[in-house]
Structures are given as structure tokens and as C-alpha cells.
Amino acid sequence: MTTLDGPPAEFGSPYRLLSTAVTPRPIGWISTRSPEGVDNLAPYSFFNVVAVEPPVVMFAPVGSRDLKDTPQNVKTTEQFVVNTVTRDLVEQMNATSATLPVGESEFDHVDIERAESVVVEPPRVAAAKVAFECELYEWIEVGGSVLILGEVVYAHVDDEVLTEGKLDIEKLDTVGRLAGSQYASTVDRFSIERPE
Ligand SMILES: Cc1cc2nc3c(=O)[nH]c(=O)nc-3n(C[C@H](O)[C@H](O)[C@H](O)COP(=O)(O)O)c2cc1C
């Protein structure tokens, strides 16, 4: 076991070390709308739930170059939608990670159907089984990255993934990101009881 008390150069880049160890990561497929009305869509696997009361989720654009389009749009409009990535959508999700010119929408580039949101302006992915409409809760700068917290103000859940009105993990085939271009599906499942 090697401890880490400095830049972990011997393990490759910090990005490589952290993003390979913290796996599998859920993927937030984030839709935003620019002030000019361009609908943006991009995957973020530095993504998770932060709180349930209020319901808050987070994602983190990383890097020290200029802000990516997603955080730029969130900064100005304070709204976004998190679309859940299931196995049937993973190729489309991956295609939306391409770097496009600012004025071009990934929805159109990849030919992804939009559905209108109820509370916020950005559209959601029509085929997403679950989508959370979010309003910016807090924007926290961490070095060259940003931690974006969003309060869920509306949730869309497809009837197909419900059992007796509740979201059913047996029906929701979510995908996780591993390192680089590797992903994990969640079909190999098992149960383990928690201690009292
Ligand atoms: C599965 C997946 C997960 C990703 N997760 C992140 C992430 O957590 N943070 C990040 O900055 N970029 C992440 N990326 C890269 C962005 O999606 C990519 O830079 C994209 O072009 C950003 O688009 P935007 O400028 O429209 O926001 C990820 C890419 C993929 C394919």
C-alpha cells in the first residue's frame, strides 16, 4: 500500500488515478439552454446526489481551460436538466460528448428527440426514463473545476420503470462509467442485507 502525500505522479495523472479508482460512476446527462436559445447536451460522470431535503444533485465540469458550454449556460441561466443514462441510450450519450462549436446543439448533431420541461427552459431527452429539472442551488469553484449543485424542482419518470408507482431498479438499466472509454451495465446484480 502506498500512501499519497503529494502529487501522485508515479500513478499517472491525478485525473487518471482518481477517475479509475472512483468507479463505477453514475452519469448525469445534462441539458442546458444558452441565452441565445441553443440547446446543449453533454455527459458528466462526476455526478451524484448531495441531499434529499431539499433534493439536491451535483455535477462537476473539470479542467482549467475556458468553461465548457454546460457550466457556461448554468452560470448565466441557473437552470439545467439531468437525464438518466440507461443501456439503450449509451451510444447517443457518448456521441454528445463531442466538442461542438458554441452555436451547434448536440440534440441536433446526434439527432436526439427533445421533450419540453415543465418548470425550467432547457428541454429533456425524450427517451430518458428519468429526468430531473434543476435550478442552480450553489456554484462552488474548486481549483480549475466547478462543483455545480442543483435543486430538483420537477421529476419525470417513465411509467415503464415504475412498479406500483415507485421507481423500480429492476426495470431501470442504468449504466456507470469506468475508466476511459469503459462502461459497466448493471445487469449483474446481487442482494446483501445490511446489519441492524
Ligand atoms: C461518460 C462521460 C462522462 C464525462 N464526465 C465528465 C465530467 O464529469 N466532467 C467533465 O468536465 N467532463 C466530462 N466528460 C467530458 C464532457 O462530456 C465533454 O468535455 C463535453 O464536450 C462537454 O460538453 P459541453 O462543453 O457542451 O458542456 C465526460 C464524457 C463522457 C463521455
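As the structure lists them, so they are numbered: ligands from 1, and atoms in each ligand from 1. Residue indices begin at 1 and follow the sequence shown. In this text, all values refer to a predicted model and were calculated from it rather than measured experimentally.
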Asks: Report yes if Ile27 has an N/O atom closer than 3.5 Å to an N/O atom of ligand 1; otherwise report no.
Replies: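 In fact, backbone or side chain, Ile27 has no N or O that close.
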Asks: May I ask you to check whether Lys68 has an N/O atom sitting below 3.5 Å from an N/O atom of ligand 1?
Replies: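 There is such a contact, yes.
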Asks: What is the nearest protein non-hydrogen atom to atom 7 (C) of ligand 1, stated with its residue, atom name and distance?
Replies: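 In this structure, atom 7 (C) of ligand 1 has Tyr44 CD2, 3.5 Å as its nearest protein heavy atom.
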Asks: Would one find an N or O of Pro43, backbone or side chain, under 3.5 Å from an N or O of ligand 1?
Replies: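 Such a contact does occur with ligand 1.
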Asks: Could you tell me whether Ala98 approaches ligand 1 through its side chain, its backbone, both or neither, with non-hydrogen atoms closer than 4.0 Å?
Replies: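 The answer is the backbone of Ala98.
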Asks: Can any side-chain N or O of Arg177 pair as donor or acceptor with the backbone N or O of Gly180 at less than 3.5 Å?
Replies: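 Yes, the answer is positive, given that a donor and an acceptor are paired below the 3.5 Å cut-off.
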Asks: Looking at Asp69, which atoms of ligand 1 are within less than 4.0 Å of one of its heavy atoms?
Replies: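 Those qualifying, in numeric order: 24 (P), 25 (O), 26 (O), 27 (O).
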Asks: Identify, for atom 20 (C) of ligand 1, the protein heavy atom at the shortest distance, and state residue, atom and that distance.
Replies: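 For atom 20 (C) of ligand 1, the nearest protein heavy atom comes out as Ser97 O, 3.5 Å.
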Asks: Taking the side chain as C-beta and beyond, is there a heavy-atom pair between Lys129 and Glu160 under 4.5 Å?
Replies: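 Answer yes - side chains close enough.
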Asks: Applying a heavy-atom cut-off of 4.0 Å, say which part of Thr70 lies close to ligand 1: side chain, backbone, both or neither.
Replies: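 Near ligand 1, Thr70 shows its backbone as well as its side chain.
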Asks: Atoms of ligand 1 less than 4.0 Å from Asn40 heavy atoms?
Replies: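 Once the distances to Asn40 are compared, the set is 24 (P), 26 (O), 27 (O).
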Asks: Within the structure, does Phe46 bring an N/O atom to less than 3.5 angstrom of an N/O atom in ligand 1?
Replies: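 N/O-N/O distance under 3.5 Å: yes.
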Asks: Hey, could you give me the CD1/CG distance between Ile30 and Asn73, rounded to the nearest 0.5 Å?
Replies: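 Rounded to the nearest 0.5 Å, the CD1-CG separation comes to 12.0 Å.
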Asks: Of the side chain and backbone of Arg177, name the one, both, or neither that has a heavy atom under 4.0 Å from an atom of ligand 1.
Replies: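 Contact part for Arg177 vs ligand 1: side chain (C-beta onward).
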Asks: Which residues satisfy the side-chain contact (heavy atoms from CB on, under 4.5 Å) test with Asp69, sequence neighbours excluded?
Replies: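 Here the qualifying residues are Asn40, Val102.
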Asks: Does Ala60 come within less than 4.0 Å of ligand 1, judged by its heavy atoms?
Replies: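 Judged by the 4.0 Å heavy-atom criterion, Ala60 does count as contacting ligand 1.
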Asks: Check whether any side-chain heavy atom of Leu149 lies under 4.5 Å from a side-chain heavy atom of Val57, and answer yes or no.
Replies: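 Result no, sub-4.5 Å side-chain heavy-atom pair not found.
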Asks: For ligand 1, which atoms, with element, lie under 4.0 Å from some heavy atom of Val62?
Replies: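 Going through ligand 1 atom by atom, the ones under 4.0 Å from Val62 are 9 (N), 10 (C), 11 (O).
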Asks: Would you sort out whether Asp159 and Lys171 count as a salt bridge (Lys or Arg N to Asp or Glu O under 4.0 Å), showing the intermediate values?
Replies: CA-CA 10 Å; Asp159 286 346; Lys171 296 178 176 174; over 6 Å; no
Asks: Given Ser45, Ser34, Ala42, identify the one with the heavy atom nearest to atom 6 (C) of ligand 1.
Replies: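 The option holding the nearest heavy atom is Ser45.
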Asks: For the atom pair CZ (Arg25) and CZ (Phe47), what is the distance rounded to the nearest 0.5 Å?
Replies: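 Reported value, rounded in 0.5 Å steps: 12.5 Å.
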Asks: Can you confirm whether Asp88 sits close enough to Asp173 that some side-chain heavy atom of one is under 4.5 Å from a side-chain heavy atom of the other?
Replies: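 Result no, sub-4.5 Å side-chain heavy-atom pair not found.
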Asks: For Tyr44, enumerate each residue passing the ring pair (Phe, Tyr, Trp, His ring centres under 6.0 Å) test, keeping only those at least two apart in sequence or located in another chain.
Replies: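 Applying ring pair (Phe, Tyr, Trp, His ring centres under 6.0 Å) to Tyr44 gives Phe59.
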Asks: Looking only at distance, does Tyr183 have an N or O less than 3.5 Å from an N or O of ligand 1?
Replies: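 Among all N and O atoms of Tyr183, none is under 3.5 Å from an N or O of ligand 1.
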Asks: What distance separates Tyr154 OH from Glu135 CD, expressed to the nearest 0.5 Å?
Replies: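 Nearest 0.5 Å value for the OH-CD distance: 14.0 Å.
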Asks: Please verify whether a non-hydrogen atom of Glu106 lies at under 4.0 Å from ligand 1.
Replies: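 Yes; Glu106 lies near enough to ligand 1 that a heavy-atom distance drops under 4.0 Å.
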